[in-house]
Number of protein chains: 2
Amino acid sequence: MDAVLQALADPSRRTVLEILRDHQASAGELAEALPIARPGVSRHLRVLREAGLVEVRSEGQRRIYSLRADALVEVDEWLEDYRALWQHRLDALHTEIARGKKARR
Amino acid sequence: MDAVLQALADPSRRTVLEILRDHQASAGELAEALPIARPGVSRHLRVLREAGLVEVRSEGQRRIYSLRADALVEVDEWLEDYRALWQHRLDALHTEIARGKKARR
DNA sequence: AGGGTACGTAACTGCAAGGGTACATATCGG
DNA sequence: CCGATATGTACCCTTGCAGTTACGTACCCT
């Protein structure tokens, strides 16, 4: 859990996840999509792997990374304890709207 | 969004949110609950405030912090694009359970 | 006004994270 | 076996962040 949120803090790593959400990709392909050089990407991938967010599979000389979305369940469960609160707040907002007050945002 | 996930990366800051989830608290009270000194807590609170996760209200000479849980909606929305994927995976797991395989966890 | 309390901020330190270059390793193709 | 490709790792450097102490500031009370 700690490792997951830690891993998600970096924008580059989130970009990797976003790509992998769409399709598997080799380390090189991921590196091309990022503004940093390949070694840096390798290290990001290592962090993601250790957090359980991605998994690797060797395919010839390439290493294919794929998403392990279920690691994000931890984040979802963490959010669970707060969800009721913001929903309560949204309800209050809806009430205000119902009263005719203007909704910003 | 970026600022929110960044703020959530630190365990101390998550502890602050956890406390505030239960009740409002002054900066000093929060500092007592954390293993770090007050100035450090002040800076954590600043980060949380700039991420929109908490809000402050002056009450006499004290500053009362309270949770703004709706800032976490951003995280929930970010998760949304992944939720379908891990639920797919969970469905597969449930299928296995239905087949009589043992569920770990 | 003046002392005490509750915070925030400034300045400094220590360390870990992130980026790059150079190098090692593994696999494919002939 | 050898070169080329694909990737990870080692090393170095720089920057940013967390923590501390010292100090400034705002507010309360008498």
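By convention in this document, chain letters (A, B, ...) are assigned in the order of the sequence lines, proteins followed by strands, and residues within each chain are numbered from 1. The model shown is predicted, which means the values in this text are computed figures rather than measured ones.
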A:Leu20 CG to A:Leu45 CG distance, which is reported to the nearest 0.5 Å: 7.5 Å
Which residue lies more 5' along DNA chain C, comparing A:Glu59 with A:Gln6 via nearest heavy atoms: A:Gln6
Residues within residues 33-44 of chain A bordering DNA chain C, heavy-atom distance below 4.0 Å: A:Ile36, A:Ala37, A:Pro39, A:Arg43, A:His44
Considering all heavy atoms, the nearest B:Ala71-B:Ala51 contact: CB-O, 4.2 Å
Hydrophobic cluster membership, A:Leu79 vs B:Leu48, 4.5 Å side-chain cutoff: yes
For A:Arg68 against A:Gly52, the heavy-atom pair lying closest together: NH1-O, 3.1 Å
Joint hydrophobic cluster, A:Val4 plus B:Leu17, side-chain heavy atoms closer than 4.5 Å: yes
Spacing of CD1 belonging to A:Ile19 relative to CD belonging to A:Glu32, to within rounding of 0.5 Å: 10.5 Å
Same apolar cluster: B:Val47 and B:Tyr65, side chain cutoff 4.5 Å: no
Sugar-phosphate only, base, or nothing, as touched by A:Ser58 at under 4.0 Å among non-hydrogen atoms: nothing
Interatomic spacing from NE2 in A:His44 to CZ in A:Arg14 - rounded to 0.5 Å: 11.5 Å
Range on DNA chain C touched by chain A - first to last nucleotide, heavy-atom distance under 4.0 Å: C:dG18 to C:dC28
Under 3.5 Å on both distances, the Watson-Crick or G-U partner of D:dT30: C:dA1
Residue closer to the 5' end of DNA chain C, A:Ser12 versus B:Gly28 (nearest nucleotide): B:Gly28
Distance, nearest 0.5 Å, that separates CG of B:Asp76 from CD of A:Glu80: 9.0 Å
Whether over 12 other heavy atoms sit under 6.0 Å from B:Arg46 CZ: no
Along DNA chain D, first and last positions that approach a heavy atom of chain A under 4.0 Å: D:dT5 to D:dT9
Sugar-phosphate, base or nothing in reach of B:Arg13, heavy atoms under 4.0 Å: sugar-phosphate
Which atom of B:Gln24 lies closest to which atom of B:Ser66, heavy atoms considered: CG-CB, 3.9 Å
